[in-house]
Amino acid sequence: MSNYLVAMEAAWLVRDVQDVDDAIGVAVSEAGKRLNQQDKEYVEVEVGVTPCPACGEPFDSAFIAANTALVGLLLEIDVFNADGENHATRIAKSEVGGALRDVPLSVIDVVETEDEDDAS
């Protein structure tokens, strides 16, 4: 059994916003609130990044049209005692998806982490 850090991307819709920074703040706040209500405080929430198609530089994953924003959020969760990457992915999607119903999730990275007992 191994431990994993699973990173997922979520697509969050924010209505009635004028500014990208406001949209990002609302999206992170709403996602955090829904996770906290389900006792999932251990899920890290931050804005995702998207590479610029022209220069490759990263920028915040947020787009506004008609006062409605689509914000890409990065969600990270530590999964303990999983049988492998696929098992860790299923656990992470179940944990986060249960709290964020109707929010599209996509796993973007799975990294095996060191067991704390092995580190000493």
Counting N and O atoms only, with roles assigned by atom type, does the side chain of S94 sit under 3.5 Å from a partner on the main chain of R90, one being a donor and the other an acceptor?
no
Do you know the tightest heavy-atom contact between G56 and P51?
O-CB, 3.9 Å
Cut-off 3.5 Å, no hydrogens considered: what does the side-chain donor-acceptor table look like for residues 30-37, sequence neighbours left out?
unit_1 : atom_1 : unit_2 : atom_2 : d
E30    : OE1    : W12    : NE1    : 2.8
R34    : NH2    : R101   : O      : 2.9
N36    : ND2    : G32    : O      : 3.3

Contacts table for residues 73-83: side-chain donor-acceptor under 3.5 angstrom, sequence neighbours left out:
none

Would you name the heavy atoms of A99 and Q38 that are closest together and state the gap between them?
CB-CG, 3.6 Å
Side chain to side chain contact (heavy atoms under 4.5 Å, CB included) partners for N67, two or more places apart
Q18
Could you check whether any side-chain heavy atom of I24 comes within less than 4.5 Å of a side-chain heavy atom of D60, counting everything from C-beta outward?
yes
Name the one of V71, L70, V20 that satisfies side chain to side chain contact (heavy atoms under 4.5 Å, CB included) with I64?
V20
Counting only heavy atoms from other residues, nucleotides and ligands, does the tally under 6.0 Å from CZ of F63 exceed 12?
no
Ignoring hydrogens, what is the shortest heavy-atom contact between V103 and A10? Give both atom names and the distance.
CG1-CB, 3.9 Å
Verdict with reasoning, V6 to V107, per side chain to side chain contact (heavy atoms under 4.5 Å, CB included)
CA-CA 7 Å; V6 180; V107 174; 4.2 Å; yes
Mind running side chain to side chain contact (heavy atoms under 4.5 Å, CB included) on M8 and V96 for me, showing each step along the way?
CA-CA 9 Å; M8 294 175 283; V96 175; 3.4 Å; yes
Where do T68 and V17 land on the side chain to side chain contact (heavy atoms under 4.5 Å, CB included) test, with the steps shown first?
CA-CA 6 Å; T68 303; V17 290; over 6 Å; no
For residues 40-50, which side-chain N or O atoms pair as donor and acceptor with protein atoms under 3.5 Å away, sequence neighbours left out?
unit_1 : atom_1 : unit_2 : atom_2 : d
K40    : NZ     : E95    : OE1    : 3.2
Y42    : OH     : E95    : OE1    : 2.5
T50    : OG1    : S61    : OG     : 2.3

Sort and list the pairs that fulfil salt bridge (Lys or Arg N to Asp or Glu O under 4.0 Å) and have at least one residue in residues 7-26, not counting sequence neighbours.
none
Tell me every residue that passes side chain to side chain contact (heavy atoms under 4.5 Å, CB included) with S2, counting only those two or more places apart in sequence or in another chain.
Y4, E112
